Amino acid sequence: MQGGATGLAFRGRTASIGFAHGPFVRVDAGTSGERVAGSLVEEALALRGAIDVASGQIAELAAIAGGEAAQILEFQVALLEDEDFIEAIFASIGEGKAADVAWRSALDTQIADYNSAEDEYLKARSSDLADLRDRVINVLRGGEGQTPRIPSGAVVCADDLPPSRFLEIDWSGGGGLALLRGSPTSHVAMLARARGIPMVVQLGAIPGVGATALLDGESATLELDPGAEQVRVFEKRRESHRKSRASARAILRRPTASWRGERIKLFINIQRVDDLEHADAQYADGIGLMRTEFLLTSGLPDEETQFQAYDAVLRWADRRPVTIRTFDAGGDKPVPGFTMDGEANPFLGVRGLRLCLARPDIFTVQLRALARAAVRGNLKVMFPMVTSADELEAGRKLFAEIVQRLQADGIAAMLPELGIMVEVPAAALAIASFKASFFSIGSNDLAQYALACDRSNGALAPLMDPLHPALLELIARTAEHGRRAGISVSLCGDMASDPRFIPALLNCGLRELSVNASALAQIKQTIDRLSSGGGLG
Ligand code: PEP
Ligand code: MG
């Protein structure tokens, strides 16, 4: 986009939709000021003290933020508690390096490692490390390590922003986030979406000037020092967005969505029990996908911890169905101590059910918790990343043995309905070979494998077309098999949360969709409009 007499305009990628009009505030990371190094002992003590201050700040933020935000900050805390990492830095102080120099060089090496990773998820973690680096150095240089106060409602612009900085900003008066780099899959993007803060990433170079800004998270644009006409057009777009959200939410209260006279069931996807707090979740027909690997963010939870989490979801759902997916670790979701290190191609590696079958020590704990939870509500369990019918049968056999053992020990347990994710093209093509009670199509992975596009590689976005005929063919075949065999088929990948793809999914024969809670209203409204003969609106 070009700049003009009325101001400068830039286009990036959407990370979170919404609109912000406010003061433009540039928060460039980095530290200033020099410090004079002391003796070896003084330097070691100074670093220890600065690390403690930084840990305290992060712990305080985590306590205030809670939920998912707290989990994200644990990544930083874990690094500060990594003795091997920290000891190596103290060793270089012992060899004569100043505390800030030793700390910066160790962190810079880590940051460079994360930045060179092919995986966008790992790349996105580098801004968390840069935040840690700057926090500790700020303290060493006599600062408090806190960011300057940002006025309420500001459009905050940074090169990239770590979650801890995001959480320090007071978003209660609105505002938005404009990043020159950044990624829609970063943790800070997840936080922005969860809090409804508009966010645009990959804006490129922006001059550090500007008094006010318009940030449009829908068209992914940033306008600096806009003229009256730009503001008028922006406010019009913002108002129409607000109205369409309000009317979508009104539709939520209606009993069911239907299309061509057939009921469309709308479930929600959750990562963690906290996600059920989303105001719209209560209107869902149940849980279509609980991604249990998010329970693994702070180590491997024991049977009781897992049972409590599954039981809480079942209690919330009352008698509505709850589909819990067994751990889908690996690929873009590495879990230390569980997933395989050093795989050349983790997306084609030992992930999902393959990994669980290879690690019965970990899988057994989860299956025991699930078997106990099954007696408490309407539970369905599904296995991810299934390629062959033998894998499903091996999982079923292990599960059945576990149920028998629990029952023999007098513990209430049962085998729930067992289904599989259809996310490997081979499974979609050989769908009739699976003796599953239900199927759930994982379009994120099905697309990546069918189209040969790494789902985390932003450069392939134009090729990663959910409407590619090959992908629609795989979805339609699976839906058709379900219809003929009387087996329920849903789709729980991100396609279902995007109104643009709903007509194609319904035309493929799907009648069950599982969406993000924040998209439930819009998807219900989309189906409503389609069934009343309207377009997508
Ligand atoms: C999918 O692959 O579409 C899916 C729902 O699973 P995940 O995104 O967790 O891999
Ligand atoms: Mg998947």
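Residue numbers count from 1 along this sequence. For clarity, every value in this text was computed on a predicted model and none was experimentally measured. Counting starts at 1 for both ligands and their atoms, in listed order.
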Given 3.5 Å as the limit, does a donor-acceptor pair link the side chain of Q306 with the main chain of A369, or not?
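No; zero donor-acceptor contacts below 3.5 Å.
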Under 4.0 Å from a heavy atom of [X]: which atoms of ligand 1 are those, numbered in the order shown and with their elements?
X    : result
G493 : 3 (O), 5 (C)
M421 : 4 (C), 5 (C), 6 (O)
G442 : 1 (C), 2 (O), 3 (O)
E423 : 1 (C), 2 (O), 6 (O)
D328 : 10 (O)
K333 : 7 (P), 9 (O), 10 (O)

R455 versus ligand 1: do any nitrogen or oxygen atoms come within less than 3.5 Å of each other?
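There is such a contact, yes.
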Return a yes/no value for N444: is any of its N or O atoms, backbone included, closer than 3.5 angstrom to an N or O of ligand 1?
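Yes, N444 has an N/O under 3.5 Å of an N/O on ligand 1.
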What are the two closest heavy atoms between G217 and I17, and how far apart are they?
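Looking at all heavy atoms of both residues, the closest pair is O-CG2, 3.4 Å.
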Kindly give the heavy-atom pair with the smallest separation between M495 and P466, and that separation in Å.
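Smallest heavy-atom distance, with atoms named: CE-O, 3.4 Å.
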Can you list the protein N, O or S atoms less than 2.8 Å from the Mg ion (ligand 2)?
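Sorted hits: E423 OE1, D445 OD2.
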Polar side chain donor-acceptor pair, S440 to S490, under 3.5 angstrom:
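The criterion, which ignores hydrogens and geometry beyond distance, is satisfied for S490 and S440.
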Ignoring hydrogens and geometry beyond distance, is a side-chain donor-acceptor pair present between D445 and Q448 at under 3.5 Å?
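D445 vs Q448: donor-acceptor pair found between side chains.
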Nearest protein heavy atom to atom 6 (O) of ligand 1, by residue and atom, and its distance?
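Checked against all protein heavy atoms, atom 6 (O) of ligand 1 sits closest to R325 NH1, 2.9 Å.
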Name the closest protein heavy atom to atom 5 (C) of ligand 1, giving the residue it belongs to and the distance to 0.1 Å.
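Nearest protein contact, heavy atoms only, for atom 5 (C) of ligand 1 is R291 NH2, 3.4 Å.
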Is the F338 ring parallel, tilted or perpendicular to the F327 ring (thresholds 30°, 60°)?
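Judged by the thresholds at 30° and 60°, the geometry between F338 and F327 is perpendicular.
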Please confirm whether M495 comes under 4.0 Å of ligand 1, counting heavy atoms of the residue only.
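M495 does not count as a contact of ligand 1 under the 4.0 Å cut-off.
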